[in-house]
Visitor: 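Below is a structure I'd like to ask you about.
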Amino acid sequence: MAQRLPPSFVAKKQKILEQLAIPAEEYDDLSPKGSIDEGILDLIHEINALDGCVTTSSCAGRISVFLEGKKKSASFEVENGIEEGEMIGVTSKGAGVGGKGGGGRWLFVAHDPVDISNHYGPWKGLFGMQNEDIEGQELLSLGATRDIRFIHFKFEPMILHVLTASLQRAQNVISAALQAGFRESGALNLTSSSPGSATPMIGIRSMGLALESVIGFESGGKEFCMVPEYQLRNLVEISNDRFRENTKRIERFRSLLPEIGSEAHEKRSKQGEGWEDTQVRRERKKAEGLKKAQRIKQSAHQETKTPEEVPDVGFLEQNT
């Protein structure tokens, strides 16, 4: 008998499905592209067709070139009399580690492998950059990188967030993701912030395929390339290879979806057992190992205390 889904989950799934039903030309979301990637559109529909699962955000994978945001410069702090660590009350918001925020922007984004055979002209032009800037290079050689806005080349594999209706369903999704090769997948939450049953959010990802390299910098309002053309081409080729592996893992995950939705996959629910968190399992295994080691130690100790066979006293007396 199927479990009744939590009302909060049913309401959230209904709202998400209504948004996804909007025609493509009218649909818009918060991603740079503003729509669902075609590469995982079928996967999204197949997950959403399962009871107890619904996708909340997704990216099929992408190659991108990103200009990081403005940093909190040393000159700004000196001019404003601000000591290191004393930014309280200063409203200027700079970019964090990795360049996000502070006015950062995309110079190039592709959600499919780049067709190298049909690319003509310099790669730096495709990625929105110009030739190297002498002043900028001199600034870099002086080590003044804190005031420089760098340009990053990135490959990011698929990332998918799935809201689940129960702890058991969440465990099934994680198991399928790990089997498919998305090794950094896991639960983002296991408890409910409001009264009612927990509806865990699962992140499906594989950071082992990710790639990032600094390829340029911004100077005087212009973006300049700081690596040779052959290196840009190599980065594209490597990213295309990783795109193909990313696609293979997506297809493996799709092939496991029937198991996620199958009642037969609810392995422990029939035995009345619930979710076992990774930390709980680790502690249980540790305790079991300690008990086993203790039993072995006690057994060995008893063997050493067993008295050796000694001659009878009468026998000793006869030979004196």
Side-chain angles (χ1 to χ4, degrees), residues 1-22 24 27 29-31 35-61 111 157-207 246-278 281:
M1 181 177 175
Q3 272 190 325
R4 185 171 177 270
L5 301 178
S8 61
F9 172 84
V10 173
K12 289 177 184 176
K13 181 168 184 175
Q14 181 62 32
K15 184 177 180 180
I16 291 170
L17 294 182
E18 288 174 358
Q19 292 174 335
L20 293 176
I22 297 173
Y27 181 84
D29 58 31
L30 298 177
S31 67
S35 62
I36 298 174
D37 299 337
E38 289 188 12
I40 56 170
L41 195 55
D42 290 339
L43 173 63
I44 297 296
H45 291 324
E46 289 169 7
I47 292 174
N48 291 339
L50 299 173
D51 286 336
C53 294
V54 64
T55 58
T56 60
S57 65
S58 63
C59 177
H111 292 270
M158 184 194 81
I159 183 166
L160 183 64
H161 290 101
V162 180
L163 183 68
T164 58
S166 67
L167 294 170
Q168 182 63 55
R169 185 70 71 181
Q171 187 173 23
N172 294 347
V173 173
I174 293 172
S175 176
L178 294 176
Q179 290 180 62
F182 294 99
R183 299 185 182 90
E184 285 73 40
S185 300
L188 305 183
N189 69 297
L190 292 174
T191 58
S192 176
S193 58
S194 58
S197 302
T199 54
M201 179 73 75
I202 306 303
I204 300 172
R205 50 187 174 262
S206 178
M207 300 312 296
N246 182 59
T247 301
K248 290 178 183 178
R249 296 185 186 187
I250 291 173
E251 290 306 312
R252 284 200 295 268
F253 182 62
R254 285 185 66 188
S255 71
L256 293 167
L257 289 181
E259 293 186 22
I260 295 176
S262 171
E263 290 296 328
H265 195 66
E266 309 288 334
K267 295 179 179 178
R268 289 186 291 176
S269 60
K270 292 182 180 180
Q271 302 171 359
E273 296 180 16
W275 169 276
E276 185 178 37
D277 180 57
T278 303
R281 182 177 184 275

Visitor: Between atom CG of N189 and atom CG of L163, what is the distance when rounded to the nearest 0.5 Å?
Guide: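 Between atom CG of N189 and atom CG of L163 there are 8.0 Å.
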Visitor: For E251, is there an ion pair with R254 - N to carboxylate O distance below 4.0 angstrom?
Guide: yes
Visitor: Side chains of I44 and D37, heavy atoms from C-beta outward: is any pair under 4.5 Å?
Guide: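 Not touching, per the 4.5 Å side-chain cut-off.
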Visitor: List in chain and number order the residues that pass side-chain hydrogen bond (donor to acceptor under 3.5 Å, both in side chains) with S185, two or more places apart in sequence or in another chain; answer none if no residue qualifies.
Guide: none
Visitor: Take L43 and L257, measure what side-chain contact (heavy atoms from CB on, under 4.5 Å) needs, and give me the verdict at the end.
Guide: CA-CA 9 Å; L43 173 63; L257 289 181; 3.8 Å; yes
Visitor: Is there a donor in the side chain of Q179 and an acceptor in the side chain of S175, or the other way round, less than 3.5 Å apart?
Guide: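 Yes - a donor-acceptor pair under 3.5 Å links their side chains.
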Visitor: Between M207 and E184, what is the shortest heavy-atom contact and its length?
Guide: N-OE1, 2.8 Å
Visitor: Just jot down the side-chain hydrogen bond (donor to acceptor under 3.5 Å, both in side chains) partners of R205, sequence neighbours excluded, or say none.
Guide: none
Visitor: When T55 is tested against each of I204, L17, I47 for side chain to side chain contact (heavy atoms under 4.5 Å, CB included), which residue passes?
Guide: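 Of all the options given, the one that passes is I47.
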Visitor: Please report the closest heavy-atom contact between L188 and G203, naming both atoms and the distance.
Guide: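 Answer, listing the atom of L188 first, then G203: CG-N, 4.1 Å.
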Visitor: Distance check, rounded to the nearest 0.5 Å: T164 atom OG1 versus I202 atom CD1?
Guide: 5.0 Å
Visitor: Does G52 offer a backbone N or O that forms a donor-acceptor pair with the side chain of R169 under 3.5 Å?
Guide: no
Visitor: Provide the closest heavy-atom pair for L160 versus F253 in the form atom of the first, atom of the second, distance.
Guide: CD2-CE2, 4.4 Å
Visitor: Tell me, do H111 and C59 make a side-chain contact under 4.5 Å, heavy atoms counted?
Guide: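 Contact flag for H111/C59 side chains = yes.
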Visitor: For residues I250 and A60, report the shortest heavy-atom separation together with the two atoms involved.
Guide: CD1-O, 4.0 Å
Visitor: Please name the pair of heavy atoms, one in S58 and one in I40, separated by the smallest distance, quoted to 0.1 Å.
Guide: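 Heavy atoms only, the tightest pair is CB-CD1, 3.5 Å.
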Visitor: Is there a side-chain contact between N246 and F182 in this structure, where contact means two heavy atoms from C-beta onward sitting under 4.5 Å apart?
Guide: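 Contact flag for N246/F182 side chains = yes.
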Visitor: Nearest 0.5 Å, please: how far is CE in M201 from CG in L190?
Guide: 12.5 Å
Visitor: Please enumerate all residues that pass side-chain hydrogen bond (donor to acceptor under 3.5 Å, both in side chains) together with S8, with sequence neighbours excluded.
Guide: none
Visitor: Would you name the heavy atoms of S206 and P157 that are closest together and state the gap between them?
Guide: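 Looking at all heavy atoms of both residues, the closest pair is O-CG, 3.0 Å.
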Visitor: Are any side-chain N or O atoms of N48 and backbone N or O atoms of K13, one a donor and one an acceptor, separated by less than 3.5 Å?
Guide: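 No; judged by distance alone, with no hydrogens or angles, the pair does not exist.
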